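So you know, we letter chains A, B, ... as the sequences are listed, proteins then strands, and number each from 1. Computed from a predicted model, the values in this text were never measured in an experiment.
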There are 2 protein chains.
Amino acid sequence: MEPAVKAIAEPRRREILRLIWTRELPAGRIASHFAVTRPAISQHLRVLKEAGLVSERRDGTRRLYRARPDTVAEVRRFLGAFWDEGLQHLKQEAEAEERRKRNRRRR
Amino acid sequence: MEPAVKAIAEPRRREILRLIWTRELPAGRIASHFAVTRPAISQHLRVLKEAGLVSERRDGTRRLYRARPDTVAEVRRFLGAFWDEGLQHLKQEAEAEERRKRNRRRR
DNA sequence: CCATTCTGTTAGTTGACACTTACGTAAGTC
DNA sequence: GACTTACGTAAGTGTCAACTAACAGAATGG
């Protein structure tokens, strides 16, 4: 999980992921969308693959990549829980504040 | 926005953020929750502050930190949009696949 | 004042990371 | 079999990040 979060922190890797949300794409096609060299993209793809965010399928000389919706959903839930926990705490504090106000008024 | 995403990728910073979701805490109290030295936490706090995720208030010799719900919510929305875009694409593809199946059957 | 407390800041080190260039390799093409 | 295509991998570089140890500074208490 942690590797996936780190992988997503990099903007270029998010861009790559966006390219292969829906369709399978060979590494070269992915690389051609960016200004950096092909090996650089290849390394990004490895990071994404090791994080489980991307699947690789070989077809002759090409390697086709695609996002893995299950892992993506996991990361989404993980971070979602993080935010939600925070918001819940904040809500509780807001309610406590409200109670304090009411108690002050009552005296 | 990008700094905030990077800031959150670090597990220790997420822990710090969790500590000050609800209550204000002085730097020393925050540091005492961790095994690393106090300056290390101080630097993490600076990163969080520069990312706008944390507010700092001085009280005598102490500095009190607290999460900033507005910025936190922004990051949440940013990543939320990222996931949602992906899921939308996947949904579209699933529907397209469905259509293809139907068309095949019709012939 | 001086000492203490609570903190940020400043080197300085180590390691990770994004990148490039150069090379290696497997699958198709002539 | 040589050639090309489409890749990954290795090695090297510059930069950034996380950490420690040592110092600096503001507020408080005597």
**Student:** Out of C/dA22, C/dT7, D/dA18, which nucleotide sits closest to the side chain of B/Ala27?
**Tutor:** C/dT7

**Student:** Side chain of B/Pro39 only, please: which of C/dA18, D/dA21, D/dT9 is the nearest?
**Tutor:** D/dA21

**Student:** Can you measure A/Phe34 atom CZ to C/dC19 atom C1' for me and round it to whole angstrom units?
**Tutor:** 15 Å

**Student:** May I ask you to test the B/Arg66-B/Arg57 pair for a side-chain heavy-atom distance under 4.5 Å?
**Tutor:** no

**Student:** Map A/Ala35 and A/Arg58 onto DNA chain C by nearest heavy atom, then report which one ends up closer to the 5' terminus.
**Tutor:** A/Ala35

**Student:** Can you find an N or O donor on one side and an acceptor on the other, under 3.5 Å apart, linking the side chain of A/Gln43 with the base of C/dT20?
**Tutor:** yes

**Student:** Between A/Arg77 and A/Asp84, is there a salt bridge with N-O shorter than 4.0 Å?
**Tutor:** no

**Student:** Starting at atom NE2 of B/His44, determine the distance to atom C1' of C/dG8, rounded to an integer number of angstrom.
**Tutor:** 15 Å

**Student:** Looking at D/dC19, I'd like to know if its phosphate oxygens (OP1 or OP2) sit under 4.0 Å from a side-chain N or O belonging to B/Thr37.
**Tutor:** no

**Student:** For the pair made of CD1 in A/Ile41 and P in C/dT21, what is the distance, rounded to whole Å?
**Tutor:** 14 Å

**Student:** Quick one: is C/dG8 close enough that its OP1 or OP2 comes under 4.0 Å of any side-chain N or O from B/Tyr65?
**Tutor:** yes

**Student:** Atom CG of B/Leu25 and atom C1' of C/dC6: how far apart are they, to the nearest Å?
**Tutor:** 14 Å

**Student:** Considering just the side-chain nitrogens and oxygens of B/Arg38, establish if one lies under 4.0 Å of OP1 or OP2 belonging to D/dT20.
**Tutor:** no

**Student:** Starting from P on C/dA18, measure out to CZ on A/Arg14 and report it in whole angstrom.
**Tutor:** 12 Å

**Student:** Any side-chain heavy atom of A/Leu17 within less than 4.5 Å of one from B/Phe82?
**Tutor:** yes

**Student:** Can you tell me how the ring of A/Trp83 sits relative to the ring of B/Trp21, calling it parallel under 30°, perpendicular over 60° and tilted otherwise?
**Tutor:** perpendicular

**Student:** Compare the minimum distances between each of C/dC19, D/dC19, D/dT9 and the side chain of A/Arg12, then state the nucleotide with the smallest one.
**Tutor:** C/dC19

**Student:** Have a look at B/His44 and tell me which of B/Glu15, B/Glu10, B/Lys49, B/Arg13 forms a side-chain hydrogen bond (donor to acceptor under 3.5 Å, both in side chains) with it.
**Tutor:** B/Arg13

**Student:** Looking across every strand, which nucleic acid part, if any, lies under 4.0 Å from B/Pro26 by heavy atom: base, sugar-phosphate, or nothing?
**Tutor:** sugar-phosphate

**Student:** Just how far, in rounded Å, is P of C/dA27 from CZ of A/Arg57?
**Tutor:** 15 Å

**Student:** How many whole angstroms separate atom CG of B/Leu45 from atom P of C/dG8?
**Tutor:** 7 Å

**Student:** Out of C/dT9, C/dT20, D/dC7, which has the shortest distance to the side chain of B/Arg46?
**Tutor:** C/dT9

**Student:** To the nearest angstrom, how far is A/Glu56 atom CD from D/dG8 atom P?
**Tutor:** 7 Å

**Student:** Taking only N and O in the side chain of B/Thr61, is any of them less than 4.0 Å away from OP1 or OP2 of C/dT7?
**Tutor:** no

**Student:** Are A/Arg63 and C/dA27 close enough that a side-chain N or O sits under 4.0 Å from OP1 or OP2?
**Tutor:** no

